[in-house]
Amino acid sequence: MAFVNLQNVTYKYPLTKTPVLQNINLQVNEGEFVAVMGPNGAGKSTLCYALAGFVPHFFKGEISGSIEVDGKKSSESTLDEWVLNVGLAFQNPFNQISGAKYTVFEEIAFGLENIGVPREEMKDRVDEAMSLTGISDLADRSPYSLSGGQQQRVALTSILVMRPRLLVLDEPTSQMDPIGTREVFGVVRKMAEEGMTVVMVEHKVEWIAHFADRVIALKEGRVFLEGKPNDVLTSDLLVENGFGISRYTSAAREAKKQGLWKKDKLPVTLFEAAEGFKP
Amino acid sequence: MRERLSFHIKRDSALHRLNPLTKLLLVLALILSAFLTPFYWTPHILAILVIPILSVIGRVGREYLSTAFRLILPAATFLFLMQAFFHPIGKEIIFAFYFLDMTLESLMFAFGNAMRIVVMVSAFTIFLLTTHPSELMSDLSRRGLPGQFAYVIISTLQILPQVQAKAQTIISAQRSRGLETEGGFFKRAGALIPLIGPLVFGSLVEVEERAIAIEARGFTSKHVKTSLHEIPDTPTDIFLRWFLTTLIAASIGLKLWLS
């Protein structure tokens with residue numbers, strides 16, 4: 001039995017006419033790192049909210065089908081219990097700062113205070129999480145004085161420190177530089193190795209190819225393609241349907257038309273492209 | 001962006017080590033005794049002797065003095081002058097300046113009131129200087145103040161400067177697209193309209209996201225909350241709270257009895 005199990009999930013926000021998620025079936029195993037991609041309006045964020053329990057508990061609206069994490073049904077749980085198992089960090093880092101705390105250290109401890117973790121354990125866990133995401137040197141800064149990328153790291157750390165079984169990330173690197181992005185992917189990969197299940201919405205296809213176990217491409221609220229990163233990310237269907245693809249894939253596609261790319265498989269990363277173009 | 005968003009100064013002193021509620025009661029006791037006392041000189045003694053001593057005990061003497069000179073004294077002086085010249089009591093004019101006259105009674109009255117204001121603002125200043133806002137809020141919520149209420153108060157203090165900064169960004173953006181924000185009254189008032197929409201609707205969206213963010217971090221969890229900061233609460237605190245409560249009750253009682 002899969003750790004995350006979505007069966008025929010269809011969901012409509014209270015004020016929209018068409019469903020944002022349509023008949024979604026999705027299984028994720030424990031410790032698996034799944035990347036979700038898709039154009040704007042494909043339902044990526046809504047899928048994240050659904051996994052994290054905010055759809056429908058917070059947004060209301062009409063939902064059918066079932067959402068199960070670790071054998072428990074979302075519909076039979078309450079939001080405050082659900083978030084203990086499922087952590088959510090989303091795109092806009094500024095709005096994820098609680099506003100009730102004066103330093104980054106306190107900000108990260110906020111969630112642990114809420115769920116009643118004893119003080120000494122709390123300090124250890126915050127220290128550990130901050131060194132994991134590389135923000136130990138920000139501990140005494142005000143969260144509002146940080147750059148967007150740093151705030152995103154704080155937001156991610158604030159969720160990681162709560163040690164959810166399922167980590168849901170909605171474009172957690174959108175304001176980061178390439179080095180920051182790489183580090184975050186590395187941290188997420190490490191968490192997955194340690195048994196945390198990860199679902200991450202992300203557009204940076206090269207990093208997805210590097211780090212994720214599986215890719216799900218969403219389009220208009222449906223699962224459009226699903227499979228191993230290299231199969232999905234090099235599929236012709238992606239280009240034809242307006243998905244972003246890696247520049248190395250684009251280059252190799254053009255090269256293939258002119259007979260310069262000899263291999264069967266198209267590359268996603270720089271390394272694969274370099275290998276393929278070797279005479 | 002400003003780094004410091006609170007007055008609090010991190011030091012180790014007898015005042016810092018007191019429980020926030022004890023300090024809050026101390027502030028209340030100081031203010032009530034200054035306002036309700038039947039003795040004329042009480043506010044003066046509090047302002048000139050007790051408050052400075054407290055600031056030294058709290059090791060925030062320098063910070064308190066700088067606030068007092070920059071903020072509290074100018075305000076109190078203004079209040080003093082207004083009341084000394086305009087409060088219509090007393091007959092014998094001791095000082096006149098064109099149409100302004102001051103009597104001994106109005107002088108005494110103004111001086112007493114100015115001192116009360118000094119006591120009130122100073123007591124709060126010392127409280128804010130020696131109390132970490134999150135400590136105050138965790139202590140109050142531990143004592144039964146609803147967590148949501150504490151959150152609203154403390155986050156407002158933090159988020160207001162952010163809203164201000166955002167308003168500034170929106171104004172700059174609108175100006176760069178040709179909005180005129182300078183000129184007469186009506187022009188300036190009119191320039192506010194394109195600001196309100198983005199600011200208000202933007203803030204509403206933000207509120208929703210922030211609600212999700214704190215909910216995701218267990219804000220409404222039914223667990224008993226813990227606190228990162230150790231909040232001091234010693235037998236001294238309990239004794240002081242009893243003492244201060246008695247003092248407050250006594251000053252209210254005395255006032256009622258005498259009136």
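Owing to the predicted nature of the structure, the values given are computational and were not obtained by experimental measurement. Note that these values count all heavy atoms, side chains included, but never hydrogens, waters or copies made by symmetry. By convention in this document, chain letters (A, B, ...) are assigned in the order of the sequence lines, proteins followed by strands, and residues within each chain are numbered from 1.
Most heavy-atom pairs under 4.5 Å with chain B, from the set Pro118(A), Ser158(A), Ala89(A): that is Ser158(A). Contact count versus chain B (heavy atoms, under 4.5 Å) is highest, among Gln96(A), Glu106(A), Arg119(A), Glu120(A), for Arg119(A). Highest contact tally toward chain B, considering only Gly53(A), Gly111(A), Gly116(A), is held by Gly116(A) [criterion: heavy-atom pairs under 4.5 Å]. Options Val224(B), Ile212(B), Ile154(B) differ in how many heavy-atom pairs under 4.5 Å they form with chain A, and the most are formed by Ile212(B).
Formation of a donor-acceptor pair under 3.5 Å by the Tyr102(A) side chain with backbone atoms of His132(B) is not found in this model. Looking at Glu215(B), its side chain never comes within 3.5 Å of a backbone N or O of Leu79(A) through a donor-acceptor pair.
Residues Ser98(A) and Ser155(B) approach most closely at O-CB, 4.4 Å, considering heavy atoms. In plain terms, the two heavy atoms of Ala216(B) and Leu88(A) that are nearest each other are CB-O, 4.0 Å. Contact detail for Ala213(B) and Asn95(A): the closest heavy-atom pair is CB-O, 3.7 Å. Considering every non-hydrogen atom in both Lys101(A) and Ser134(B), the closest pair reads NZ-CB, 4.4 Å.
Both the backbone and the side chain of Ala100(A) come within less than 4.5 Å of a heavy atom of chain B. The part of Ile159(A) that comes within reach of chain B is its side chain, from C-beta onward, which places non-hydrogen atoms under 4.5 angstrom from that chain.
Taking a cutoff of 4.0 Å between a charged side-chain nitrogen and a carboxylate oxygen, Arg217(B) and Glu107(A) qualify as a salt bridge.
A parallel orientation is assigned to the rings of Phe110(A) and Phe219(B), their planes being inclined by less than 30° (bins at 30° and 60°).
Side-chain contact check for Glu81(A) versus Lys222(B): every heavy-atom pair is 4.5 Å or farther apart. In this structure, Leu112(A) and Lys225(B) have side chains that are not in contact, with every pair of non-hydrogen atoms separated by 4.5 Å or more.
Around atom CG of Asp137(A), more than 12 heavy atoms belonging to other residues, nucleotides or ligands sit under 6.0 Å away. Within 6.0 Å of CZ in Phe35(B) there are more than 12 heavy atoms belonging to other residues, nucleotides or ligands. Atom CZ of Arg11(B) has more than 12 neighbouring heavy atoms from other residues, nucleotides or ligands inside a 6.0 Å radius.
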Start with the C-alpha distance between Met122(A) and Thr226(B), add both sets of side-chain angles, then the distance that settles side chain to side chain contact (heavy atoms under 4.5 Å, CB included), and finish with yes or no.
CA-CA 9 Å; Met122(A) 193 190 302; Thr226(B) 47; 3.3 Å; yes
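Among Lys166(B), Glu209(B), Arg210(B), the one residue that satisfies the side-chain contact (heavy atoms from CB on, under 4.5 Å) test with Phe94(A) is Arg210(B).
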